[in-house]
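Notes follow once the structure below has been shown.
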Number of protein chains: 2
Amino acid sequence: MLTDRQLFILQIIIDDFIRSAQPVGSRNLAKKDDVSYSPATIRNEMADLEEMGFLEKTHTSSGRVPSEKGYRYYVDHLLSPGSLRRSERTAIHSIFADRQEGLEKAVQNAATILSELTSYTSIVLGPRFNDHKVRNLQIIPIDTRSAVAIIVTDTGHVENRIFSLPEGIEPEDIEKMVNILNDRLTGVPLSELRQKIYKETTELMRRHLHNYEAVLHMFAEASAGSPIGKLFIGGKTNIFNQPEFRDVEKVRLVMDMMEKEHDMYELIRPTESGVQVKIGTENAEQAMEDCSLITASYSVGNEPVGTIAILGPKRMEYSRVITLVDFLSHDMTNVLTRLYNTRT
Amino acid sequence: MLTDRQLFILQIIIDDFIRSAQPVGSRNLAKKDDVSYSPATIRNEMADLEEMGFLEKTHTSSGRVPSEKGYRYYVDHLLSPGSLRRSERTAIHSIFADRQEGLEKAVQNAATILSELTSYTSIVLGPRFNDHKVRNLQIIPIDTRSAVAIIVTDTGHVENRIFSLPEGIEPEDIEKMVNILNDRLTGVPLSELRQKIYKETTELMRRHLHNYEAVLHMFAEASAGSPIGKLFIGGKTNIFNQPEFRDVEKVRLVMDMMEKEHDMYELIRPTESGVQVKIGTENAEQAMEDCSLITASYSVGNEPVGTIAILGPKRMEYSRVITLVDFLSHDMTNVLTRLYNTRT
DNA sequence: TTTAGCACTCGAACATAAAGAGTGCTAACA
DNA sequence: TGTTAGCACTCTTTATGTTCGAGTGCTAAA
């Protein structure tokens with residue numbers, strides 16, 4: 001086990017390194033006001049901490065740098081809970097204050113503000129609309145050959161798609177179809193629409209119409225769109241600020257990853273509830289080797305529907321960011337639950 | 001004026017530099033098979049070309065590098081028209097072959113393929129839907145307090161927005177509204193909808209309904225969305241491949257610019273028709289100092305509706321890229337005109 | 001007009017040296 | 001016994017030459 005003094009020194013080393021990005025040496029540590037040990041004592045403790053794997057040296061005679069295990073311990077045991085400035089709090093509240101712009105804009109806004117507050121990169125996975133239920137279906141003819149299929153959910157989300165009309169279909173036929181569809185499918189969750197659309201309506205359609213298959217197929221396809229929420233990334237270039245990313249190759253690795261939607265989704269895919277911290281190689285993604293990721297999911301009611309995350313260097317201001325992410329995710333949960341939880 | 005030999009040497013220098021990214025010296029030039037002059041002769045010509053401003057030296061005794069003026073002359077007078085491989089041609093045709101996915105996906109696809117073919121960064125400005133006309137308006141109630149307003153254009157584009165329903169409005173009222181709106185506004189271009197919606201419908205609404213103002217206002221607002229097309233960028237990180245961008249600061253400048261939608265729009269905003277080449281500082285944007293941009297607009301019928309562009313280093317394969325951009329823009333014009341020009 | 005020859009310049013690569021920050025170890029100290 | 005001062009040692013960083021090669025400009029000869 002670690003002695004109190006070792007804990008103290010570990011903490012102060014990591015704090016210092018997070019601030020300065022420079023390996024920290026015994027002499028400089030001893031100079032600090034709140035450190036009352038001599039350099040030699042500190043050196044001894046450092047040697048022990050290194051032996052236990054919490055610290056590393058970049059070369060034989062350099063100052064110490066936290067290891068991944070060191071950060072992990074720091075995050076798990078040494079973190080002094082941060083507090084938010086009033087200005088930060090209001091900035092976050094303001095995101096969802098004005099709902100006129102629509103949910104998507106608000107979520108995008110959240111990403112921007114989050115990255116500005118932290119000067120790291122933010123990732124926001126927009127709410128999944130999977131379990132939302134069909135409110136209304138429409139077919140709007142464009143010309144004789146094509147039409148737009150529209151699906152409106154009970155959350156106000158709209159899916160739409162252009163499709164080719166079958167030959168010789170009449171406006172009245174379309175009206176009949178729309179009526180049947182709405183009659184049979186209102187209230188069906190989007191995730192089940194694909195199967196139910198055939199089961200529920202084929203019989204009726206056959207009785208009154210011909211050439212309906214293409215249209216059914218169309219809706220089935222359209223409903224399969226966006227199984228996952230939209231991804232917004234804010235402050236992509238903030239990584240350039242980090243001194244450990246002066247190297248083009250390193251930046252490139254991270255940038256490349258950020259361009260791949262799928263990778264990003266995998267990265268922040270929600271695991272457990274609450275704030276999660278993944279340090280360096282704890283992330284599956286190779287490119288994240290030198291980065292840390294802090295995620296939290298937000299919910300509607302008790303159901304998690306999306307995730308917010310901050311991506312920064314391993315040398316991240318964990319305390320501040322954790323507080324921030326925690327706060328925002330709760331705020332989002334509150335707002336969204338109030339807005340959308342009427343339907344349960 | 002330039003002699004034939006000077007033209008030849010200028011061309012061969014630029015060709016070589018585009019390939020190698022290394023300053024080109026007289027000795028190496030003279031070694032080439034198709035060059036039959038001695039290094040000394042070439043040196044003399046180089047000195048003249050430099051004096052005229054077509055070449056530059058990086059330092060007193062280095063090889064020559066094309067100046068911006070040199071590139072400009074090269075592009076305007078020395079370009080051998082490139083030809084496309086069959087595989088490139090089919091790749092381009094394939095973009096719009098399968099329209100099932102919808103126009104937006106296809107445009108995004110164009111950006112991806114363009115960046116893959118060139119290994120530069122591609123920018124595609126999606127078609128502007130401004131002059132498209134209202135085909136149908138809908139109001140779908142979500143619950144007692146809110147509803148979704150939907151605008152479908154004659155091109156199959158769908159705009160939608162959630163809004164709050166006025167107190168105590170009845171389903172029949174909404175139906176009436178929708179009827180009036182469709183009756184009066186079908187065929188109105190989106191750009192004029194904002195004004196016309198009040199002029200055309202207020203009188204009728206007043207006669208039959210109350211509390212309609214909020215709804216009108218709503219539609220007016222929704223129609224004002226996306227005045228410009230959507231922007232897609234492909235291969236953002238391709239700039240990292242360029243040896244002249246080994247420098248983090250340079251990359252950052254370009255990356256930062258690419259994140260700003262507005263800047264990008266300004267950058268590729270269509271000017272003249274045909275393929276445009278902007279070299280280095282010919283672009284207004286500061287960050288483009290070391291980059292070149294090749295743009296071409298595409299049209300529906302005779303009306304330009306969008307732009308495609310390639311962003312690369314000044315040392316770009318102009319010939320190939322110009323051919324490619326030209327080809328794709330024509331292909332897009334053809335396809336889109338066939339699809340959407342029925343309505344004029 | 002072209003080219004060979006030559007002196008000269010500059011950058012890249014490499015070696016060397018000195019300075020500075022840091023360590024580990026030992027011995028003295030409280 | 002835990003703490004600290006002292007010291008030799010290590011390694012990086014920075015500065016300073018040195019050399020090498022690629023390139024130039026100029027002059028004079030072909």
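Letters A, B, ... are given to chains in the order of the sequence lines, protein chains preceding strands, and every chain is numbered from 1.
By the 4.0 Å N-to-carboxylate-O rule, B:Asp247 lies too far from B:Arg252 to be salt-bridged with it. For the pair A:Glu244 and A:Arg315, the salt-bridge criterion is met [side-chain N within less than 4.0 Å of a carboxylate O]. Remark: A:Arg64 does not engage A:Glu56 in a salt bridge, criterion side-chain N to carboxylate O under 4.0 Å.
Listed by chain and residue number, A:Arg246 satisfy the side chain to side chain donor-acceptor pair (under 3.5 Å) test with B:Glu249 (two or more places apart in sequence, or in another chain).
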Distance-only criterion, 3.5 Å: show the donor-acceptor pairs between side-chain atoms of residues 283-290 of chain B and protein atoms not counting sequence neighbours.
from: B:Asn283; atom 1: ND2; to: B:Lys278; atom 2: O; distance (Å): 3.4
from: B:Asn283; atom 1: ND2; to: B:Gly280; atom 2: O; distance (Å): 3.1

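Less than 4.0 Å separates DNA chain D from at least one heavy atom of each of the following residues of residues 3-24 of chain A: A:Arg5. Taking every heavy atom of residues 31-43 of chain B and every atom of DNA chain C, pairs under 4.0 Å involve B:Ser38, B:Ala40, B:Thr41, B:Arg43, by number.
One can find a donor-acceptor pair under 3.5 Å joining the base of D:dT10 and the side-chain atoms of A:Ser61.
Remark: the A:Thr41 side chain and the A:Ser38 side chain contain an N/O donor-acceptor pair separated by less than 3.5 Å. Side-chain polar atoms of B:Tyr74 and B:Asp15 form a donor-acceptor pair below 3.5 angstrom. Between the side chains of A:Asp256 and B:Thr237, at least one donor N or O sits under 3.5 Å from an acceptor N or O.
Along DNA chain C, read 5' to 3', the first and last nucleotides having any atom under 4.0 Å from a heavy atom of chain B are C:dT2 to C:dG11.
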*Go through the steps for A:Glu68 and A:Lys314 under the test side-chain contact (heavy atoms from CB on, under 4.5 Å), then give the verdict.*
CA-CA 8 Å; A:Glu68 223 158 81; A:Lys314 278 205 288 202; 3.2 Å; yes

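Following rounding to the nearest Å, A:Asn44 (CG) and D:dG2 (C1') show an atom-to-atom distance of 10 Å.
Within the structure, the ring pair (Phe, Tyr, Trp, His ring centres under 6.0 Å) test picks out the following pairs touching residues 6-61 of chain A (sequence neighbours left out): A:Phe54-A:Tyr73.
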